[in-house]
**Q** 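Starting off with a structure, shown below.
A note on names: the letters A, B, ... follow the listed sequences, proteins ahead of strands, and every chain is numbered from 1.
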Protein chains: 2
Amino acid sequence: MDTGQANVHRQNGVALWRQIADRIRASIANGDYDATGKVPPEFTLAAQFGVNRHTVRSALAALAQEGIVRSVQGRGTLIERKERLNFPITRRTRFSEGIGDQAREKEGLLLHSAQEPASTDLSARLRIPEGTPVIRLETLRKADHRPVSRSTTWFPADRFGGIEEAYSKSGSITVAFRMLGLSDYLRVSTEVTATHADGADLADLQLSPGAIILIARALNTDTEGVPVQYAVSRFPADMVQFTIEN
Amino acid sequence: MDTGQANVHRQNGVALWRQIADRIRASIANGDYDATGKVPPEFTLAAQFGVNRHTVRSALAALAQEGIVRSVQGRGTLIERKERLNFPITRRTRFSEGIGDQAREKEGLLLHSAQEPASTDLSARLRIPEGTPVIRLETLRKADHRPVSRSTTWFPADRFGGIEEAYSKSGSITVAFRMLGLSDYLRVSTEVTATHADGADLADLQLSPGAIILIARALNTDTEGVPVQYAVSRFPADMVQFTIEN
DNA sequence: TATGGTTGTCTATATTAATAGACATTTTGG
DNA sequence: CCAAAATGTCTATTAATATAGACAACCATA
């Protein structure tokens with residue numbers, strides 16, 4: 001669709017090798033090299049981007065570090081991994097079902113949980129008085145053993161006491177809710193923004209610096225419209241896209 | 001909500017000053033400095049990020065270049081501009097109404113138009129035979145004289161001949177559709193991804209290199225469900241967020 | 001098995017990014 | 001008006017980034 005044959009820029013605070021790495025990563029995700037299963041030769045890429053071959057090699061080294069490509073002397077640079085998960089955002093958005101069969105193994109890990117008073121912002125979103133106790137879960141989700149999202153999520157403590165255990169056991173919010181007597185819930189709003197990955201993202205999501213993060217801030221309610229969960233989730237932008245079906 | 005007190009990273013291909021500029025820009029957009037209307041002193045920022053004061057100065061110089069801050073000797077670094085437009089994505093998403101009163105002046109510019117045969121991908125999305133003529137519009141949207149999106153959008157040529165003129169005159173897709181006899185249309189799907197800004201983005205959207213772009217790929221149909229428009233729009237991520245209300 | 005295409009490694013050099021320190025200049029507020 | 005708190009400017013040094021060229025090592029295949 002978009003050719004994207006824009007050239008690479010100097011003196012912008014982003015090293016050439018990183019810009020090139022980002023471009024190649026995007027091309028791979030886009031399926032541009034599917035015919036061969038290989039990235040074009042270093043020589044060709046260097047000419048294409050108008051840089052020295054060594055600069056391209058730096059870019060490929062970075063991608064190899066991420067596990068996306070593997071260079072083999074004499075053969076070329078092979079594509080190892082190529083994925084972009086699609087997350088449908090609907091009134092009935094659920095993480096695990098959303099992935100569907102895009103991944104064989106799905107995992108939900110509880111990194112940390114705590115009880116705390118609701119901040120001003122949070123209390124407004126959950127429609128509870130400021131300072132009301134809420135349970136905060138820090139979770140990491142994986143698909144086929146690759147981390148795909150890092151979430152911070154809050155629940156009213158009075159209604160969902162013990163949800164940390166329920167989630168820890170089941171690895172699923174949907175199941176945890178069910179264990180606590182909430183059989184159904186609805187996504188009422190989702191805000192989507194994007195930013196550069198910070199240190200925590202790099203560590204948790206196993207990204208390389210300079211990566212882009214998609215952020216979704218979501219509010220779920222029960223069928224009566226009473227807020228039950230507010231979540232801020234961070235996804236690696238090169239692995240994930242959101243789809244909103246109306 | 002998220003404190004974001006992650007530190008800055010070295011040797012990642014992204015210059016420290018750029019990482020710091022991005023962080024400060026985000027803090028400004030987030031309203032962190034609203035109390036004073038000023039960015040903290042260079043000394044303080046340097047300590048906060050663990051870098052030399054000169055490095056912070058480079059970051060602030062970049063933000064000044066973007067018109068976001070203005071440094072005044074003796075006083076400090078004043079915040080000039082602070083905006084993040086919100087775009088609701090619903091079944092009845094329209095650009096101009098979506099912005100609503102978030103901007104006083106709204107503009108839609110036609111950069112270029114052409115007629116071309118539909119590609120494989122496009123024909124599938126618009127549900128027309130491959131190669132069927134489509135009209136492509138390249139548009140730029142502004143709010144209060146600042147560019148907020150750069151779109152490429154396609155229409156079936158047989159049904160919407162002359163839409164380039166209609167858009168050019170009105171600066172609005174909604175109005176252009178109406179001029180061609182389509183009084184109503186619906187957003188059926190939107191895909192959201194993010195990437196680094198490329199050269200064209202930098203030029204068209206007046207961004208500084210390294211900026212992040214939110215990409216929305218949208219399909220609109222008439223009330224009968226027949227596709228009438230497919231659009232790929234690019235938004236500066238630090239100025240825009242999407243909201244999906246279910 | 002020879003050859004062309006490809007990645008791996010090495011040396012050298014120039015430019016950019018980052019640190020460090022000192023001091024000048026300007027504004028604000030007591 | 002003075003002092004504190006800012007930003008502005010200058011010099012010097014080190015580390016990271018990028019270019020350039022040459023050649024070795026390896027793989028596929030004709």
Side-chain angles (χ1 to χ4, degrees), chain A residues 7-24 28 33 35-80 196 208-210, chain B residues 7-24 28 33 35-80 196 208-210:
Chain A
N7 251 325
V8 94
H9 303 276
R10 291 152 198 269
Q11 283 171 315
N12 2 2
V14 183
L16 290 179
W17 63 263
R18 171 140 297 286
Q19 296 181 56
I20 292 169
D22 292 339
R23 293 272 296 274
I24 295 175
I28 291 174
Y33 308 135
T36 58
K38 297 197 295 186
V39 166
E42 296 170 352
F43 202 69
T44 309
L45 289 170
Q48 208 173 100
F49 291 114
V51 300
N52 193 275
R53 183 182 150 227
H54 293 296
T55 308
V56 169
R57 283 179 61 74
S58 299
L60 292 176
L63 294 178
Q65 185 65 30
E66 294 177 46
I68 291 178
V69 300
R70 179 170 52 97
S71 292
V72 180
Q73 196 172 51
R75 285 181 67 189
T77 301
L78 316 178
I79 295 170
E80 290 282 270
H196 284 111
S208 63
Chain B
N7 250 328
V8 94
H9 305 276
R10 292 153 197 267
Q11 281 170 312
N12 354 0
V14 182
L16 291 178
W17 63 265
R18 171 141 296 288
Q19 297 180 54
I20 292 169
D22 291 339
R23 293 271 299 272
I24 296 175
I28 292 173
Y33 308 135
T36 58
K38 296 197 296 184
V39 166
E42 297 170 352
F43 272 121
T44 311
L45 289 170
Q48 207 171 101
F49 291 114
V51 301
N52 193 275
R53 182 180 150 231
H54 293 297
T55 308
V56 169
R57 283 178 61 74
S58 299
L60 292 176
L63 294 178
Q65 185 66 31
E66 293 177 44
I68 292 179
V69 300
R70 179 170 52 97
S71 292
V72 179
Q73 196 172 53
R75 285 183 67 192
T77 302
L78 315 177
I79 295 170
E80 289 282 90
H196 284 110
S208 62

**Q** Ignoring backbone atoms, establish whether B:R75 has a side-chain N or O less than 4.0 Å from OP1 or OP2 of C:dT28.
**A** yes
**Q** Would you please test A:V69 and A:Y33 for side chain to side chain contact (heavy atoms under 4.5 Å, CB included) and show each step?
**A** CA-CA 12 Å; A:V69 300; A:Y33 308 135; over 6 Å; no
**Q** Side-chain N or O of A:T55 versus OP1/OP2 of D:dT17: is the shortest distance under 4.0 Å?
**A** no
**Q** Mind calculating the distance between CZ (B:F49) and C1' (C:dA18) to the nearest angstrom?
**A** 16 Å
**Q** How many whole angstroms separate atom CH2 of A:W17 from atom C1' of D:dA18?
**A** 13 Å
**Q** Distance check needed: C:dA18 P versus B:L60 CG, whole Å only.
**A** 14 Å
**Q** Please set out all donor-acceptor pairs under 3.5 angstrom arising from side-chain atoms of residues 55-64 of chain A, sequence neighbours excluded.
**A**
{"from": "A:R57", "atom 1": "NH1", "to": "A:E42", "atom 2": "OE1", "distance (Å)": "3.4"}
{"from": "A:R57", "atom 1": "NH1", "to": "A:E42", "atom 2": "OE2", "distance (Å)": "2.9"}
{"from": "A:S58", "atom 1": "OG", "to": "A:H54", "atom 2": "O", "distance (Å)": "3.2"}

**Q** Quick one: B:I79 CD1 to D:dA6 C1', roughly how many Å, whole number?
**A** 16 Å
**Q** Who pairs with A:E80 by side chain to side chain donor-acceptor pair (under 3.5 Å), at least two apart in sequence or on another chain?
**A** A:R70
**Q** Scan A:S58 against the nucleic acid and name what it touches under 4.0 Å (heavy atoms): base, sugar-phosphate only, or nothing.
**A** nothing
**Q** Could you give the CZ-to-P distance, from A:R57 to C:dC10, as a whole number of Å?
**A** 11 Å
**Q** From A:T44 OG1 over to A:F49 CZ, what is the distance, rounded to the nearest 0.5 angstrom?
**A** 11.0 Å
**Q** Looking at five pairs on each end of the helix from C:dT1-D:dA30 to C:dG30-D:dC1, what is the angle between the two axes, given to 10 degrees?
**A** 30°
**Q** What's the CD1-C1' distance between A:I20 and D:dT19, to the nearest Å?
**A** 12 Å
**Q** So if I define the base as every atom that isn't primed, P, OP1 or OP2, how would nucleotides 20-25 of chain C read as a B/S/- string at a heavy-atom cutoff under 4.0 Å?
**A** BB---B
**Q** Separation of A:R18 atom CZ from D:dA18 atom C1', in whole Å?
**A** 16 Å
**Q** Do B:I68 and B:I28 have side-chain heavy atoms sitting under 4.5 Å apart?
**A** yes
**Q** Near DNA chain D, counting only heavy atoms under 4.0 Å, which residues of residues 36-47 of chain B show up?
**A** B:P41, B:E42, B:F43
**Q** Round to a whole Å and report the spacing from CG of A:L16 to C1' of D:dA16.
**A** 13 Å
